[in-house]
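Written out below as structure tokens is the structure these notes cover.
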Amino acid sequence: MPQDAESTLHNENGTSKKPALFQNTSVCDCVYSPELSYSQLRVNEFVEITLVTEGNGIHRILNSTSECRAGDLYIISGGVSHGYFAKSATERPTVLSLCFDEKFWLEGIWSDFDSPHFCYGVFKNKAPVSYAVLNSQALNEVKNIYRLIENEVTHKKLEWEEAVRAYLTLLLITVGRYISMEDTVQPIHIHPKDWVTVSAAMREALERCGDGNMTLESIAASLYVSKSHLSRLFQKAVGESFLDYVRSIRISRACSLLRNTSLTNQEIVNKCGMKDVPTFYRTFKATMGMTPYQYRISNRIFKNRKNVKSGTEILSDISENLQSGKIKEVESLVKDALSSSIPPARILNDGLLSGMNLLGEKFKNNEVYVSQVLAAARAMNTGMAILKPYLAEKDTAYKGRVCIGTVEGDLHDIGKNLVKMMMECKGLEVIDLGTDVSPEAFVNAAIEKNCRIICCSALLTTTMDVMEEVVKCAEKAGIRDKVKIMVGGAPVTQEFCDKIGADCYTSDAASAADAAVELCKV
Ligand code: B1M
């Protein structure tokens, strides 16, 4: 609702009545971007006539946007969310708006929603928005009537209300001449009263978007309509489901918080009514095409952050604490990294795995004891468990069942656990046979649990040959044509895989998971 030039009517004893007429000329300098538009849209309870008098811009009505330029005229029925924006910092429209309470200023069939003559028939076929392109002569004609109304409202001479009523009628009849059905912006045939319901639902959703318990049902109840009615109405009017709408306003709010504050992901989740951080992370990425962290970085990091570690510092702390086997510290640092919106894959690779590799070098050079490496392994597993929900893909349908283990004689299980985790994130059911798994145990598990793939991990040059035994054992058991055998681990190579007759080798856990999904399709 335009705030300036607001005309408030006063009744006889001087107390103010509901404002019934507003006039405003404004330069729209807020540059349009899809994510901020919802909160910028306004919802008038009254009919609004807006004339673009200068410049170019973007006009958004509910979910649809179109360009607007000088000479464009929009008449918008009460309750329809809309807004005018600049196209860029230099391309801005100037709009002249007039809002009026049709119940007060018009009478009879002209003020009746249900009448085809409502507002002198400017809303043809009950479309909520009417549109006309005015040539310069028509533009001047309409502007003149605006000025007459403005003059009456400003000076309020005797019987000014009668004069306004007359000019308003003249204005509506004049603009009605220029409106054609083909030009009507949104020819959606919804009863005008339903626009009010839809807009009220939008408003309430905006106000309550931080409330995680907000549902379509609760909004419908507060508007005294049924859930299914509101759901149908919303889809028809807005062009998207209520759930999608709520999701987009939450993401929009999150974007604003990421841009303008140093709040953590958890705090943003609380303020935006999201379910939890992993859901927020996935939804954000799917909607914005980037992680919250990448969004924050590319849209100005909060400038006044003091005593807050940078992403690189957090990752290097994870690596160091992992090498020292400090489980609690690793746990809290991984959480910090997630809160700082560092992508989970980066936390895994540049924090946890980087630490483990550095420790491996020290281990090789006898600079650390086995006990230290074991403690680091536990810290690694703890960190991985925290990351798991963030690495899971959205909507992972069941892809198949596999079994996995580290081969006989080998106790290294971090790589195997990582492969398992990635596979689960892709929708595979993984039966974990643990470490030191004999060829027979692999094959029996595959038969008993009906697995599509046997996955073998080995970290020692002395144990990798057990993989060949697994292949032979599967042949002996008569299941070789039914199961695929995948191999991996630091000393394993493609040549080795080919040599022993296994089906697939991959060098890392993520590609192992992708390959397993493909093999399950065969
Ligand atoms: Co040991 N260890 N370790 N160790 N250990 C290595 C492997 C070693 C390279 C260290 C070194 O000397 N530089 C060396 C092997 C040398 C060799 O054979 N060429 C070694 C040795 C010698 C030993 C002992 C013999 C030491 C001793 O007792 N003197 C002993 C053996 C015990 C046994 O298994 N019988 C031993 C013991 C241990 C600990 C128990 C202390 C501990 C393991 C704890 C645990 O796993 N729970 C340990 C550790 C931690 C390591 C290092 C430091 C780290 C291994 C690791 O977890 N890496 C390691 C040195 C190093 O690798 N830099 C070392 C991180 C992990 C994510 O990587 O498992 O390679 P990785 O997994 C990768 C890929 O290989 C792939 O995905 C992951 C990446 O995404 N991948 C697959 C793994 N499996 C896959 C399966 C697939 C596909 C991909 O398809 C099915």
Side-chain angles (χ1 to χ4, degrees), residues 319 322-325 327 344-385 387 391 402-426 428 430-437 442 445-446 451-467 470-471 483-494 496-497 500 502-520:
S319 167
L322 181 129
Q323 292 174 59
S324 311
I327 297 176
R346 200 168 157 222
I347 303 172
L348 180 66
N349 292 322
D350 299 349
L352 297 171
L353 285 176
S354 145
M356 196 44 109
N357 286 336
L358 289 169
L359 188 74
E361 281 304 302
K362 292 179 193 161
F363 190 39
K364 191 174 160 188
N365 302 329
N366 291 322
E367 290 166 28
V368 290
Y369 296 109
V370 168
S371 57
Q372 287 169 275
V373 183
L374 267 175
R378 277 197 288 273
M380 172 88 194
N381 282 329
T382 306
M384 271 162 46
L387 289 182
L391 293 164
V402 307
C403 61
I404 192 167
T406 310
V407 296
E408 197 165 26
D410 203 324
L411 300 175
H412 297 86
D413 67 356
I414 298 173
K416 183 263 300 170
N417 291 347
L418 197 53
V419 174
K420 176 188 171 193
M421 184 175 101
M422 292 297 195
M423 287 182 170
E424 286 176 338
C425 290
K426 291 260 172 198
L428 289 160
V430 184
I431 294 161
D432 189 352
L433 305 173
T435 56
D436 194 16
V437 183
F442 273 115
C451 298
R452 289 287 295 120
I453 310 172
I454 292 173
C455 306
C456 306
S457 178
L459 263 282
L460 298 170
T461 42
T462 50
T463 58
M464 59 194 273
D465 288 337
V466 177
M467 291 174 168
V470 177
V471 177
V483 289
K484 300 286 177 193
I485 298 176
M486 284 180 67
V487 291
V492 183
T493 60
Q494 183 63 54
F496 178 78
C497 168
I500 65 169
D503 297 297
C504 174
Y505 158 77
T506 60
S507 62
D508 63 88
S511 27
D514 288 336
V517 169
E518 289 307 311
L519 285 176
C520 279

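Quick note: residue numbers are just sequence positions, from 1. Note: hydrogens, waters and symmetry copies are ignored here, and every other heavy atom, side chains too, is used. For ligands, and for the atoms within them, numbers begin at 1 and follow the listed sequence.
- In this comparison of Ala376, Ser371, Ser457, the heavy atom closest to atom 84 (N) of ligand 1 sits on Ser457.
- The single protein non-hydrogen atom nearest to atom 15 (C) of ligand 1 is Leu460 CD2, 3.5 Å, given as residue, atom name and distance.
- Remark: minimum distance from atom 13 (N) of ligand 1 to any protein heavy atom is reached at Lys364 CB, 3.2 Å.
- Protein heavy atoms are found inside the 4.0 Å sphere centred on atom 57 (O) of ligand 1.
- At least one heavy atom of Thr506 sits less than 4.0 Å from an atom of ligand 1.
- In the candidate list Gly415, Gly489, Cys455, Gly489 is nearest to atom 81 (N) of ligand 1, counting heavy atoms.
- Distance check for atom 52 (C) of ligand 1: every protein heavy atom is found at 4.0 Å or beyond.
- Remark: ligand 1 and Leu411 share an N or O pair separated by less than 3.5 Å (distance only, no angle test).
- For atom 50 (C) of ligand 1, the nearest non-hydrogen atom of the protein is Val373 CG1, 3.0 Å.
- Proximity annotation for atom 19 (N) of ligand 1: of Thr461, Leu418, Leu358, Thr461 comes nearest, heavy atoms only.
- Taking distance alone, with nitrogen or oxygen atoms compared against 3.5 Å, Val370 stays at or beyond that limit from ligand 1.
- Between Thr462 and ligand 1, not a single N/O pair is under 3.5 Å apart.
- Annotation: Glu361 places no N or O atom under 3.5 Å from an N or O atom of ligand 1; distance criterion only.
- Remark: ligand 1 and Leu353 share no N or O pair separated by less than 3.5 Å (distance only, no angle test).
- Protein non-hydrogen atoms do not reach within 4.0 Å of atom 24 (C) of ligand 1.
- The atom of His412 that is an N, O or S and sits closest to atom 1 (Co) of ligand 1 is NE2.
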